[in-house]
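Shown next, in structure tokens, is the structure this report addresses.
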Amino acid sequence: MPNLNTFQSDGGLAVFMFRALQDNYCYLVHDPDTGTTGVVDTPEVAPIVAALEETGWSLDFILNTHHHWDHAGGNLELKRLTGCRVVGPRADRERIPGIDISLGDGDRFEIGSHRAKIFDTPGHTSGHICYLFEDDRVAFTGDTLFSMGCGRLFEGSPQQMWSSLQKFLTWPDDTRVFCAHEYTQSNARFALTAEPGNRALIERAADVDRLRARGLPTIPSTIGLEKATNPFLRPMSTHLQETLGMRNADLVEVFAETRRRKDKF
Ligand SMILES: [Zn+2]
């Protein structure tokens, strides 16, 4: 498994990023001072084991975002192999295999000395959490926030998803966003139909095309970039509203129409 990227935050939290399945990203998060290590979701066991071997880190925690098989499918085997503990959304604890520690809005969870703030972000599934390592400016957003996209509404309403997405608007712009899938290029194509005149979007889409042409990941993004380019965070944009023919419409309705169009795109 090639080492795509290792990031280290200014605060010292290390993130080792690698691929799993078709287009999932998986992340080891590691505190070098204490050696504490977590893996964000478990799409597939073999690449996680390979990543642990490559880094020499030993697994303490699985940090699940939600119950889908391509996020929690490897929980039980990894738990058996490593003796790690499973952390996941309280709102969906019955559907998280092997869960030991359940978390919800406002809770904190620590990887060594690095503290994550937990956000409930239902909409894609009825229980979904995101992990914001606030001091490190590092966040794991699962299938709620993608680069220039958001998760499909499998189990939630547009109102619920828009409430979840609004939480990201409160995060610092320089927060690095590590989402769970490489959907960025197709998301950009859709976003350009929603806001064809958005200059930040046009530039970001060109950057993404260059990265993908070289087979490189487009992740992480940042909250600042997402605020400027992600149509699902921008229902307040008059440009987007005009494209949809919904000038001054309710923001939930604008979000819902954007999501409907993306579903058919
Ligand atoms: Zn999912």
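The figures here come from the full heavy-atom set of this structure, side chains too, leaving out hydrogens, waters and symmetry mates.
Around atom CZ of Arg108, more than 12 heavy atoms belonging to other residues, nucleotides or ligands sit under 6.0 Å away. Sparse packing is recorded around CZ of Arg85, with 12 or fewer heavy atoms of other residues, nucleotides or ligands lying under 6.0 Å away. Around CG of Asp263, the count of heavy atoms belonging to other residues, nucleotides or ligands within 6.0 Å exceeds 12. Within 6.0 Å of the CZ atom in Arg115, the count of heavy atoms belonging to other residues, nucleotides or ligands does not exceed 12. The environment of Asp209 atom CG is dense: over 12 non-hydrogen atoms of other residues, nucleotides or ligands sit within 6.0 angstrom.
Under 4.0 Å is where a charged nitrogen must lie from a carboxylate oxygen, and between Lys227 and Asp173 at least one such pair does.
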Handout entry: Asp143 vs His66, side-chain hydrogen bond (donor to acceptor under 3.5 Å, both in side chains): CA-CA, chis, key distance, verdict
Key = CA-CA 8 Å; Asp143 283 359; His66 66 297; 3.3 Å; yes

*asked:* Could you go through Leu145 and Cys130, starting from their C-alpha distance and side-chain angles, then the distance that decides it, and tell me whether this counts as side chain to side chain contact (heavy atoms under 4.5 Å, CB included)?
replied: CA-CA 9 Å; Leu145 182 68; Cys130 294; over 6 Å; no

For this session: Show your reasoning for whether ring pair (Phe, Tyr, Trp, His ring centres under 6.0 Å) applies to His68 and His128.
Result: CA-CA 10 Å; His68 282 155; His128 188 298; 8.8 Å; no

* Asked: Going through the distances and angles, do Thr229 and Arg204 end up as a side-chain hydrogen bond (donor to acceptor under 3.5 Å, both in side chains)?
  -> CA-CA 8 Å; Thr229 63; Arg204 168 73 169 149; 5.1 Å; no

* For side-chain hydrogen bond (donor to acceptor under 3.5 Å, both in side chains), just list the numbers for Thr36 and Asp31, CA-CA rounded to whole Å, side-chain angles, deciding distance to a tenth of an Å, and then say yes or no. => CA-CA 5 Å; Thr36 312; Asp31 173 25; 5.0 Å; no

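Atom-to-atom distance recorded for Cys26:SG and Phe140:CZ is 10.0 Å, nearest 0.5 angstrom. Between the CZ atom in Arg234 and the CD atom in Glu195 there is a gap of 4.0 Å [rounded to 0.5 Å]. Remark: Arg199 CZ to Glu203 CD distance equals 6.5 Å, nearest 0.5 Å. Taking CZ of Arg90 as the start and CD1 of Ile101 as the end, the distance is 11.0 Å to the nearest 0.5 Å. Atom-to-atom distance recorded for Ile111:CD1 and Asp60:CG is 7.0 Å, nearest 0.5 angstrom. Rounding to the nearest 0.5 angstrom, the gap separating the CG atom in Asp41 from the CG atom in Asn75 is 8.0 Å.
Trp69 and Leu78 sit in two unconnected hydrophobic clusters of ILVMFWY residues. Membership requires side-chain heavy atoms under 4.5 Å apart, directly or through other members. Residues Trp171 and Ile129 do not share a hydrophobic cluster, defined by chaining ILVMFWY side chains whose heavy atoms lie under 4.5 Å apart. Cluster membership check: Met246 does not share its hydrophobic cluster with Phe232, using side-chain heavy-atom separations under 4.5 Å among Ile, Leu, Val, Met, Phe, Trp and Tyr. Grouping the Ile, Leu, Val, Met, Phe, Trp and Tyr side chains by contacts below 4.5 angstrom, directly or via other members, places Val29 with Phe61. In this structure, Ile96 is not a member of the same hydrophobic cluster as Leu76, with clusters built from ILVMFWY side-chain heavy atoms closer than 4.5 Å.
A ring-ring contact (aromatic ring centres under 6.0 Å, His included) with Phe178 is found for exactly one of Phe16, Tyr27, Tyr25, namely Tyr27.
The shortest distance between side-chain heavy atoms of Asn24 and Glu44 does not fall below 4.5 Å.
Donor-acceptor pairing under 3.5 Å is lacking for the side chains of Arg261 and Thr243. Glu182 and Thr218 share a side-chain donor-acceptor pair at under 3.5 Å. With 3.5 Å as the limit, one finds no donor-acceptor pair spanning the side chains of Gln8 and Thr6.
The heavy-atom pair separating Phe146 from Asn230 by the smallest distance is O-ND2, 3.2 Å. When all heavy atoms of Met17 and Ile219 are compared, the closest pair comes out as CE-O, 3.4 Å.
With hydrogens and angles disregarded, a donor-acceptor distance shorter than 3.5 Å links the side chain of Gln241 to the backbone of Pro235.
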